[in-house]
Amino acid sequence: VAVLSNKRIVVTGGSAGLGLAIAKALREAQADVTVVARDEGRLEAARETGAHAIAGDATDAVLMDRVIAHRDPDVLILNAGARLPMARIDELSWEGFSTAWDTDVRATLIGIQAALRTPMRPGTRVMVMSSGAAMVMSHPAISPDDLRLSGGYVGAKRMIWFMAHQADAVSRERGLGIRFQALVPGQLVGATELGRTVARAYAEIEGVTVDEHILRKYGSHLQPAQIGRQVVELLSEPEYENGIAYGFRAEAPILPLDVQGPR
Ligand SMILES: NC(=O)c1ccc[n+]([C@@H]2O[C@H](COP(=O)([O-])OP(=O)(O)OC[C@H]3O[C@@H](n4cnc5c(N)ncnc54)[C@H](OP(=O)(O)O)[C@@H]3O)[C@@H](O)[C@H]2O)c1
């Protein structure tokens, strides 16, 4: 369906996993998509969807300023995220512990600042990739023990969600009309490299397979393609314009998490 045929969309980390699935779904909806990721070889998968590909680091401010100035996007999706070392807190160096801060939070900050500095046009949107892990200790279904090997990831993903609020406040104060929204996959996505790394670490301790671990902890498999389709829905249905955060769960409709009045 050509629902996004007039939209230019930039996706960071769009060469694999969730970012690639989002890029694919956006291309199927006829959007003009540009993907930014570091490894030139892996960008081929993005090119195969018909997306433009830029080899570069989403934590590079000069690059992100240039991408936004040249591509002039209607939507910027800040999805780039690091793979985690996965270890107990007594085994992690600061470098390992802060992996998600050094890539995910940093790239989100750089992307948000580029969007606000350029600035993107009124009516444009910036989506940042958080995680259901961000809701640990505030949602009974998400147990701290199930996240005990992920170092600083939980705080990093909570930070990213809050950064959508911080950026949205700046946009409102400056009258820019850019909307900032957080994407919150509510379950581990085992089909990505990051998801598999995470699931493998717990499965080993539990003495079960990766599949068994995911089904036991999360009850079902959340698929990247579903997230891709639901991002298209978020961008095409007016009812999703005002919320700050939207969640995804396997075979469930989009879950509005942090919705405010008209902005
Ligand atoms: N999988 C899950 O269960 C899950 C759940 C909730 C949220 N998330 C979040 O969703 C996002 C994507 O995760 P994923 O599971 O799809 O991971 P993935 O399969 O490891 O893919 C990560 C993507 O990000 C790119 N990337 C990493 N560092 C980058 C950088 N500095 N600059 C530009 N691109 C970079 C990678 O390409 P290069 O390495 O070539 O740059 C790759 O395209 C992450 O923010 C993650 O935290 C994942």
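Whatever order the structure lists ligands and atoms in, that order sets their numbers, starting from 1. All residue numbers in this chain count up from 1 along the given sequence. Just so it is clear, the model here is predicted, and its values are computed rather than measured.
Aromatic ring pairs are classed by plane angle as parallel below 30°, tilted from 30° to 60° and perpendicular above 60°; the pair Tyr246 and Tyr240 is perpendicular.
Which parts of ligand 1 touch Asp57 is read off a 4.0 Å heavy-atom cut-off, strictly below it: atoms 30 (C), 31 (N), 32 (N). Atom numbering of ligand 1 starts at 1 in the shown order; those under 4.0 Å from a heavy atom of Gly17 are 16 (O), 19 (O). Every atom of ligand 1 is numbered from 1 in the order shown, and the set under 4.0 Å from a heavy atom of Gly195 is 1 (N).
Among protein heavy atoms, the minimum distance from atom 46 (C) of ligand 1 is reached at Leu194 CD2, 3.5 Å.
Residues Met159 and Leu257 fall into different hydrophobic clusters, defined by Ile, Leu, Val, Met, Phe, Trp and Tyr side chains chained together at heavy-atom separations under 4.5 Å. In this structure, Val126 is a member of the same hydrophobic cluster as Val67, with clusters built from ILVMFWY side-chain heavy atoms closer than 4.5 Å. In the hydrophobic clustering of this structure, Ile227 groups with Val232; members are Ile, Leu, Val, Met, Phe, Trp, Tyr whose side-chain heavy atoms approach within less than 4.5 Å, directly or through other members.
Where the criterion is an N or O separation shorter than 3.5 Å, residue side chain and backbone included, Met129 fails it with respect to ligand 1. Annotation: Val189 places an N or O atom under 3.5 Å from an N or O atom of ligand 1; distance criterion only. In terms of polar-atom proximity, defined here as any N/O pair under 3.5 Å, Ser15 does make such a contact with ligand 1. When only interatomic distances are considered, the shortest N/O to N/O separation between Gly13 and ligand 1 falls below 3.5 Å. For the pair Leu18 and ligand 1, the shortest N or O to N or O distance falls below 3.5 Å. Every N/O-N/O distance between Thr59 and ligand 1 stays at or above 3.5 Å.
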